[in-house]
Amino acid sequence: MTLWTMTDSPLGALLLVGEESATARGGTALASLSVPGQKGGATVQDGWTRDDEAFATIAAELRAYFAGSRAGFGIEYAAGRGTDFQRRVWQALEAIPYGATLSYGEIAARIGASRMAVRSVGTAIGANPLLVVRPCHRVIGASGALTGYAGGLERKRLLLDLENGHRAA
């Protein structure tokens with residue numbers, strides 16, 4: 001069964017979508033986290049069930065992250081999402097330390113792809129359904145410029161500033 005809820009954040013109201021899971025803390029595996037106006041973001045579908053309580057543990061982790069008291073997440077993700085290449089890229093995203101950044105080329109190198117695969121890496125990052133918790137905001141252009149964030153560059157800057165501010169504190 002697909003479950004959903006909304007939770008407030010400094011990025012705006014977040015849409016959380018998940019699936020019941022016997023192994024996830026709180027009983028829900030996260031399938032999607034979207035921000036308002038996100039390119040390719042999820043929208044509530046007919047047949048989905050709103051269940052705010054099912055996301056209580058996930059929402060608490062997000063609040064702690066935004067408050068600066070949590071640098072990572074213990075959230076179980078819904079299985080079976082993405083291609084093999086996307087999953088390799090997403091695993092590389094999850095390995096980027098809190099407050100750090102890597103370039104698209106560095107991600108390509110980490111997954112064993114050629115420098116020619118930078119566009120494919122960017123496409124895989126753009127397909128990440130789990131903004132914030134799978135930190136695609138930590139990927140920047142080779143020049144250090146902020147580029148390509150499905151939630152918008154202002155939100156990317158906010159997340160990087162939040163992490164760097166809390167890391168320095």
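None of these values were measured; they are calculated from a predicted model.
- Here the closest non-hydrogen pair linking Gln86 and Ala127 is NE2-CB, 3.4 Å.
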### Message
Would Ile58 and Leu33 count as a side chain to side chain contact (heavy atoms under 4.5 Å, CB included) here? Give the steps.
### Response
CA-CA 10 Å; Ile58 295 168; Leu33 187 158; 5.8 Å; no

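- Between the side chains of Glu76 and Thr23, a donor-acceptor pair is found at a separation under 3.5 Å.
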### Message
The test is side chain to side chain contact (heavy atoms under 4.5 Å, CB included); show your working for Leu146 and Leu160 and say whether it passes.
### Response
CA-CA 10 Å; Leu146 297 188; Leu160 292 173; 3.5 Å; yes

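- A pairwise comparison of heavy atoms in Ala54 and Thr28 identifies O-OG1, 2.7 Å as the closest pair.
- Arg138 places no side-chain N or O within 3.5 Å of a backbone atom of Ala100 that could act as its donor or acceptor partner.
- Separation of atoms OG1 (Thr7) and CZ (Phe66) is listed at 9.0 Å; rounding is to 0.5 Å.
- Using a 4.5 Å cut-off on side-chain heavy atoms (C-beta onward), Val35 and Leu14 make contact.
- The closest donor-acceptor contact from the side chain of Ser34 to the backbone of Leu15 lies at 3.5 Å or more, if one exists at all.
- The side-chain contact (heavy atoms from CB on, under 4.5 Å) test applied to Leu158 returns Pro10, Leu11, not counting sequence neighbours.
- Here CG of Asp51 is found 8.0 Å from OG1 of Thr5. Values are rounded to the nearest 0.5 Å.
- When all heavy atoms of Gly148 and Leu153 are compared, the pair lying nearest together is N-CD2, 3.9 Å.
- Contact between Glu163 and His137 at its shortest, heavy atoms only, is OE2-NE2, 2.7 Å.
- A single hydrophobic cluster is seen to contain both Leu62 and Leu30, as judged by linkage of ILVMFWY side chains at heavy-atom distances under 4.5 Å, directly or through other members.
- Pairing each heavy atom of Ala13 with each of Pro36, the nearest pair is O-CD, 3.1 Å.
- Partner of Cys136 under the side chain to side chain contact (heavy atoms under 4.5 Å, CB included) criterion, chosen from Ile107, Asn128, Val89: Asn128.
- Between atom CG of residue Leu131 and atom CZ of residue Arg155 there is a gap of 9.0 Å, rounded to the nearest 0.5 Å.
- Taking hydrophobic clusters as Ile, Leu, Val, Met, Phe, Trp and Tyr residues chained together by side-chain heavy-atom distances below 4.5 Å, Met1 shares a cluster with Tyr77.
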### Query
Can Ile75 and Thr57 be said to form a side chain to side chain contact (heavy atoms under 4.5 Å, CB included), step by step?
CA-CA 8 Å; Ile75 296 169; Thr57 300; over 6 Å; no

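- Val139 and Phe73 are assigned to two separate hydrophobic clusters, defined by single-linkage of ILVMFWY side chains at heavy-atom distances under 4.5 Å.
- For the pair Arg50/Met6, a side-chain contact is recorded, criterion being any heavy-atom separation below 4.5 Å from C-beta on.
- Nearest approach of Thr147 to Ile140, heavy atoms of both residues: OG1-C, 4.2 Å.
- Donor-acceptor pairing under 3.5 Å is lacking for the side chains of Gln38 and Tyr149.
- Taking CG from Leu93 and CD1 from Ile111, the interatomic distance works out to 9.5 Å, rounded to the nearest 0.5 Å.
- Annotation: side chain of Tyr65 is not in contact with side chain of Ser9 (no heavy-atom distance under 4.5 Å).
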